[in-house]
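Structure record follows, encoded as structure tokens.
Every chain is numbered from 1, with letters handed out A, B, ... down the list of sequences. Below, all heavy atoms of this structure are taken into account, side chains as well, without hydrogens, waters or symmetry copies.
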Amino acid sequence: MKTAVVWHRNILRIHDNPLLDMVHDKGHFDHVVPIYIVTPEALTEDYSVNRKRFLFQSLLDLKKNLDAHYKMPLLLLQGDVNQILSRVFEALDSGEVELICDYCTHPSRRTELANVESLISEKADVSLTIVSSANTLLDIETVVSSPSYTEPKSMKDMQKIFKRAFKSTSEHFNVPEPRKKVPNLPLVKRVSKKLSTDKKISKHVLSEKKIASQLGKDSKEKSYFPGGESEALDRVDRKISDNPAYINNFSKPSTVSTNERNNPFEPTTTGLSAYLAAGCLSPRLVWRLCVNANLTGPHTKPPVSLTGQLMFREMFYLLSRSVENWDSDVGNSNCKNIEWDDLDKEKVRLWEEGKTGFPLIDAMMRQLDATGWMHHLGRHAVSCFFTRGQLWQNWKYGRDVFDRKLIDSDWALNNGNWLWLAGVAPFSMPYFRIYNPCPTPGTSLNVETDEAQFIRHWIPELKSFPSKYIFEPHLASEKVQRESNCIIGVDYPEPMVDRKISRKNNLAKFKESLSRL
DNA sequence: GGATCCGTTGTAGCT
DNA sequence: AAGCTACAACGGATC
């Protein structure tokens, strides 16, 4: 009797799922038991309400899909990983067990896996199979440990790495196809029932009540991005499969345009980040659909194309694995030592709560808090504001806020993007490019724009304010403020800094810090 | 080996 | 009023 325990770590889907693929291809298992073990921080304040909701929606969707396609009940567990796995192995007391899981690059998850490896090395009838690159295009470990590997800093470097890894000089590098959905797997009801009723295991099983509490009450704001593979694939169809022109024209703006920065109701980007981060969506599938669209005609190319975005994602995964202390401002070869001010909790609080007195910054921070999402250029603007632009706070404190609140939180990418934006990394944007937190509307000063609507949507205090003053309401006359039912300094804060002075001072401070390196 | 180019993503001020 | 220009100026790759 052979049983496969399929441990889904960061892969919450059944399409292009190499774990299920392996079970199917080996073909010799009598039983398959899919499990998921919730990591401790997912149940604490380390995750915002939105992040929790996204994760648990995704888990319930995985459960539903496994059941619908394979009649496999997913065991949702919480607790110490080695303790849980030991009990699972004990409960499956007859025959061989093969534990199959996906590889994750995050340091704590590598430690977790190392502990599991040592547990299994003591057990004669249990073996372990680790599937690499379930959630990346490249096999991160293989690339990073290759003798020819040097740390990438640009798209050119990434193109070289892709050429070598896939042994292809073609435009799309012959990245492997996503796998077809596995047609069928053995029935597993009996074994899983045995597991879920086992006393030692059942105390680790997440109850319906516990799951419901993680899902929380319906948020007041309609969720832009409900969690789960089903939602991911729907969105892929809408944005990519049914819309090749969108992919072929996809290009990040070279300047911050009013329209690009904010469309609060539907992003101009794909909105797939959260699904990729949680493993609800296969990056190979996205790559393939981009290639299919590209083959139909002229198209944008890396770095601005969507394939380029996926390649930057790979770049940060590689760096996060090869750079020591990737998430730290000390002992990190990719972080220049800039003399930031000491942590100022009050400044961080005003920024985090959207009370800086800069309406665009505040609107975006309130959107992040309410929905767990922010447009990428919004992220640039608020993180630039927090670091070298205005507040001169260390990037790591802003990084922590993003990590807790974003539904697309991803350790490798979040740190990489903050390093990039703070201007401290070798791959950074030039430090003197400071975003203006108060961009004036592109056309006539009193014309209604997307951005003005966006501000009024998230900052109801300003809902009657004229567009002319919406970015800097403190400049409006007392009369205008009274007529708009919003007195600055009473109903909405004064700007917490003089943006022109702090910009100028910070530019000089950055230059000075660099000259001391 | 020195000069030049390039790097996903800017801003302010003037005309 | 859109478009130009000055600003500021790192470091590695390329020629």
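If you take CZ of A:Phe316 and C1' of B:dT8, they are 10 Å apart, rounded to a whole angstrom. Taking atom CD of A:Gln159 as the reference point, atom P of C:dA13 lies 16 Å away to the nearest angstrom. A:His375 has its NE2 atom 14 Å from the C1' atom of B:dT8, to the nearest Å. Regarding A:Arg503, its CZ atom lies at a distance of 11 Å from the P atom of C:dA8, rounded to whole Å. With rounding to whole Å, A:Ile434 atom CD1 is found 9 Å from B:dA12 atom P. Following rounding to the nearest Å, A:Asp498 (CG) and B:dA12 (P) show an atom-to-atom distance of 12 Å. One atom, CZ of A:Phe385, and another, C1' of B:dT11, lie 16 Å apart when rounded to the nearest Å. Atom pair A:Leu507:CG and B:dA12:P shows a separation of 11 Å (rounding to whole Å applied).
Across all strands shown, A:Lys156 has no heavy atoms under 4.0 Å from either base or sugar-phosphate atoms. Residue contacts shown for A:Arg499 are limited to sugar-phosphate atoms, with no base heavy atom under 4.0 Å away. Residue-level contact check: A:Lys301 touches neither bases nor backbone, having no heavy atom under 4.0 Å from any strand.
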Check your understanding: In dot-bracket notation, what is the pairing pattern of DNA chain C, taking Watson-Crick (N1-N3 plus N6-O4 or O6-N4) and G-U wobble (N1-O2 and O6-N3) contacts under 3.5 Å, with [ ] crossing and | for other strands?
Key -> .||||||..||||||

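Side-chain proximity of A:Tyr435 to B:dT8, C:dA8, B:dT11: nearest is B:dT11. For A:Leu514, whose side chain is taken as the heavy atoms from C-beta onward, the closest listed nucleotide among C:dC10, B:dT8, B:dT9 is C:dC10. Of the candidate nucleotides B:dT8, C:dA8, C:dT14, B:dT8 has the atom lying nearest to any side-chain atom of A:Met155. Considering only side-chain atoms of A:Asn436, the nucleotide from C:dA13, B:dT11, B:dT8 that sits closest is B:dT11. Side-chain proximity of A:Val304 to B:dT9, C:dA8, B:dT8: nearest is B:dT8. The A:Tyr431 side chain lies nearest to C:dA8 when the options are B:dT8, C:dA13, C:dA8. Each of C:dG11, B:dA12, B:dT8 was ranked by its minimum atom distance to the side chain of A:Lys336; first place goes to C:dG11. Closest contact between the side chain of A:Lys500 and the listed nucleotides B:dT8, B:dG13, B:dT11 involves B:dG13. When each of B:dT11, B:dT9, B:dT8 is scored by its nearest atom to the side-chain atoms of A:His376, the top-ranked nucleotide is B:dT9.
With sequence neighbours excluded, no residue forms a ring pair (Phe, Tyr, Trp, His ring centres under 6.0 Å) with A:Trp395. Under the side-chain contact (heavy atoms from CB on, under 4.5 Å) criterion, A:Asn485 pairs with no residue at all, not counting sequence neighbours.
Using a 30° and 60° split on the angle between ring planes, A:Trp418 and A:Phe386 fall in the perpendicular class, above 60°.
For the salt bridge (Lys or Arg N to Asp or Glu O under 4.0 Å) criterion with A:Asp329, the lone passing option out of A:Lys336, A:Arg399, A:Lys396 is A:Lys396. No option in A:Phe316, A:Trp420, A:Phe312 other than A:Phe316 meets the ring-ring contact (aromatic ring centres under 6.0 Å, His included) test with A:Phe427. Just one residue in the list A:Asp369, A:Asp46, A:Asp403 forms a salt bridge (Lys or Arg N to Asp or Glu O under 4.0 Å) with A:Arg51, and that residue is A:Asp403.
C:dC7 and B:dC6 have their P atoms separated by 22 Å, given to the nearest Å. Comparing B:dT8 with C:dA8, their P atoms are spaced 24 Å from each other, to the whole Å.
The existence of a salt bridge linking A:Arg109 and A:Glu112 is confirmed by a sub-4.0 Å separation between a basic side-chain nitrogen and an acidic carboxylate oxygen.
For the pair A:Lys163 and A:Phe173, the cation-pi criterion (under 6.0 Å, within 45° of the ring axis) is not fulfilled.
Between B:dA12 and A:Arg433, no contact under 4.0 Å exists linking OP1 or OP2 to a side-chain N or O.
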